[in-house]
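Report on the structure given below.
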Number of protein chains: 2
Amino acid sequence: MDRRITRNDDDASGKERPTLKTLAFMTGLGVTTVSRALKDAPEIGAETRRRVQLVAKQIGYRPNRAGVRLRTGKTNVISLVLNTEHELMSFVSDIIYGVTEVIADTPYHLIVTPYSRSQDPLDPVRYLVETGSADGVIISRTQPNDPRARYLLERGIPFATHGRTDMGLVHPYHDFDNYAFANEAVRALAGKGRNRLALVTPPLGLTYYRHTVNGFADALSEVGASEVPFNTVSIDQSIEQIRTRTAQLMQRKDRPDGFVSSAAAATLAIVAGIEDAGLKLGRDVDVVSKQSSELLHLFRRELLVVNENFRLAGFELARAVMGWIAGQEPGSLQSLSKPSEVLAYRG
Amino acid sequence: MDRRITRNDDDASGKERPTLKTLAFMTGLGVTTVSRALKDAPEIGAETRRRVQLVAKQIGYRPNRAGVRLRTGKTNVISLVLNTEHELMSFVSDIIYGVTEVIADTPYHLIVTPYSRSQDPLDPVRYLVETGSADGVIISRTQPNDPRARYLLERGIPFATHGRTDMGLVHPYHDFDNYAFANEAVRALAGKGRNRLALVTPPLGLTYYRHTVNGFADALSEVGASEVPFNTVSIDQSIEQIRTRTAQLMQRKDRPDGFVSSAAAATLAIVAGIEDAGLKLGRDVDVVSKQSSELLHLFRRELLVVNENFRLAGFELARAVMGWIAGQEPGSLQSLSKPSEVLAYRG
DNA sequence: TTGGCAACCTGTAACGTTTCAGTATATTGA
DNA sequence: TCAATATACTGAAACGTTACAGGTTGCCAA
């Protein structure tokens, strides 16, 4: 016998957001029937089904995410886990855009989960899993033996890694073929008569460090060039550090006549270092660099570049996670993107 | 096909995620009491309160977001609405990192809501509001008369804009002082004896287009320099377009001897165009450019730069939205960031 | 003694959804 | 004809939380 203002009981009008109850009232059916009709359950009559779906479309019904999530545990969320310090530069936004392309026509939302240098990279992943905040996770800065991948695999949470692991475990990934990149970069330099080459590597602990180093080393011996060790430098060091170390290197008598650089920002620093030492790009030394946007040729047209498409990476990663969520085999959701050829400045 | 084994009735052990019910069982209290105790309600005894909070911390209780959201309507979500085509480059990730700094120790999540060129910019905002997907919204590419701001204001949804509006309506914003930037840029060029200046503007419809143009124009008349019209170009055109138009401009007899550029990427194109025309930066022409990372001086040390900090923008925008959500006055949540001085290459 | 009141705690309902266990009606098989 | 069965639908319960409307104590003033 209570006269409370019960909200959505019987209004067919109202500015209130429609729920299943609203639809049930409008169609004269039960809430259960409406729910099942909307997801094409077979035990609902064909006509009823169409009728419900029509009305739902007309009044712009959208399932309440909180209701679904509470009842089913499904969040309809993909989380992109990012390192706040290292993941500098444009490529993060490219990945994000790639991901959003995939989820655009799905009920999925993308949340960005950051972590900082000081934290254990496992922290944000643990948080996501413990709070059940996402149906799928995308991680980057992948390591050969990656605790995050292992953790997610143990809990059965769908994920994809940007970069491969090397733990004998199967999971979706997308990777750029850095072995091929480094290999072809060396060949391109050799083709220009360069034979004393230095490599500016990816960060030491990451999987693609090894891929890059191996591609570099194999190509060196294949073309008969030699390496000028430059181990003190990697691409996630500061611009200033890379620059001064490069300048120092270039002042030695046994300096390299070619560089392979794994990132565009590092390349800017390398070139600055070369010029600090009074040498000239294209004459005294050549540099092959990866880039993710078409800017390096504006910087110095003598540079040789290889393009890496991060938007594609985001796209593939999202497809992989969604595929796993949808029940596809993790092993079938792996992709490797081949580098473009080494490009010189075109007119 | 239901994979849940659930039932959380009376287990004090279990791998299940703890809920209020779990806590109630463990403490011997009612669910209501536990709920109130956790939020420091005054009608709960001090000792009980501490006891509950202790147990909650011990077992790592985290409120279920779906439960809260369903019951209260509070999503604990901030949405960053981004244009997928225009918002190129690194600065998006900077904004994201700025936002995450603010929400790091709060229950808030950041979701990225994209829209593409083809869509009405109002679409994603409407979606967010209609589905109640966020407690607060951050929008960029703000226009003087911005339908999104008007819409959100009408519905009473907290938001902040990157850039100001000019509709006589009060709302939180963060903006970079582009008037001051353009003004000081002109003065710096005048200080180097340049007096025929061209401006590469922001996109035409956005508020900061006017700010920039006004700062430029006012400074011109203050220092007695003149403008070389270059209206066919703005910063969200392609690199190639800007480059070729700049080259054309520089081949005319009445070419400018100074440029003011509103974005780093455009500056690369401008310099390329200048050099295509056979002219030399620093000798024939000077360029003042905004930049959001410290890269332009590596590109050409003759460039004059002004720094714009997008991480700060993200930080301030997030603070503003959160402040509004927390009940602060929208009018008190506005900030304007002053440009650095015009910087020449430092040794 | 009684009533009033403050301090502290609790059960129930509701948010919107899906699942479980049905019910009612029509259809079929013998 | 009756029972078995298929078809189409439905109410109630549950997910975890908070708001509402109480309920018990114990203490104090009258």
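All chains are named by letter (A, B, ...) in the order of the sequence lines, taking the proteins before the strands, and each is independently numbered beginning at 1.
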**OP:** Counting heavy atoms from C-beta on, name the nucleotide in D/dC9, D/dT18, C/dT18 closest to the side chain of A/L29.
**Re:** D/dC9
About how many Å separate [atom2] of [Y] and [atom1] of [X], when rounded to the nearest 0.5 Å?
| X | Y | atom1 | atom2 | result |
| --- | --- | --- | --- | --- |
| B/Q53 | B/Y61 | CD | OH | 12.0 Å |
| A/N309 | A/D94 | CG | CG | 7.5 Å |
| B/D135 | B/R69 | CG | CZ | 8.0 Å |

Nearest whole angstrom, please: distance from the [atom2] of [N] to the [atom1] of [X].
| X | N | atom1 | atom2 | answer |
| --- | --- | --- | --- | --- |
| A/N76 | C/dG16 | CG | C1' | 14 Å |
| A/R50 | D/dA8 | CZ | C1' | 15 Å |
| A/L20 | C/dA14 | CG | C1' | 16 Å |
| B/R49 | C/dC8 | CZ | C1' | 11 Å |
| A/L23 | C/dT18 | CG | C1' | 15 Å |
| A/R71 | C/dG16 | CZ | P | 16 Å |
| A/K21 | D/dT10 | NZ | P | 16 Å |
| B/R69 | C/dG16 | CZ | P | 13 Å |

Original post:
Is a donor-acceptor pair below 3.5 Å formed from side chain B/T32 to base D/dA19, judging by atom type as modelled?
Top reply: yes
**OP:** Indicate the ring-plane relationship of B/Y127 and A/H109, choosing parallel, tilted or perpendicular according to the 30° and 60° boundaries.
**Re:** perpendicular
Subject >> Residue pair A/T207 / A/T142, side-chain donor-acceptor N/O under 3.5 Å >> reply: no
Original post:
DNA chain C: B/V34 or B/L70, which has the more 5' nearest nucleotide?
Top reply: B/V34
Ignoring backbone atoms, establish whether [X] has a side-chain N or O less than 4.0 Å from OP1 or OP2 of [N].
| X | N | value |
| --- | --- | --- |
| B/T48 | C/dC9 | yes |
| B/T72 | D/dT17 | no |
| B/T33 | C/dT10 | yes |
| A/K39 | C/dT18 | yes |
| A/S35 | C/dG16 | no |

Subject >> Those residues of residues 60-68 of chain B lying under 4.0 Å from DNA chain D by at least one heavy atom >> reply: B/Y61, B/P63, B/N64, B/G67, B/V68
**OP:** Establish, yes or no, whether a centroid distance under 6.0 Å links the rings of A/H162 and A/Y173.
**Re:** no
Original post:
With a non-hydrogen cut-off below 4.0 angstrom, is B/I44 in contact with a base, only sugar-phosphate, or nothing?
Top reply: sugar-phosphate
Subject >> side chain to side chain contact (heavy atoms under 4.5 Å, CB included), paired with A/V34, selected from A/T19, A/I44, A/V55, A/L23 >> reply: A/L23
Original post:
Counting only heavy atoms not in A/E47, do more than 12 fall under 6.0 Å of its CD?
Top reply: no
**OP:** Please report the shortest heavy-atom distance between A/M167 and A/A149, naming the atom on each side.
**Re:** CE-CB, 3.8 Å
Original post:
Can you name the nearest heavy-atom pair linking B/S133 to B/T131, along with the distance?
Top reply: OG-OG1, 2.6 Å
Original post:
How bent is the helix from C/dT1-D/dA30 to C/dA30-D/dT1, comparing axes over its five end pairs at each side, to the nearest 10°?
Top reply: 60°
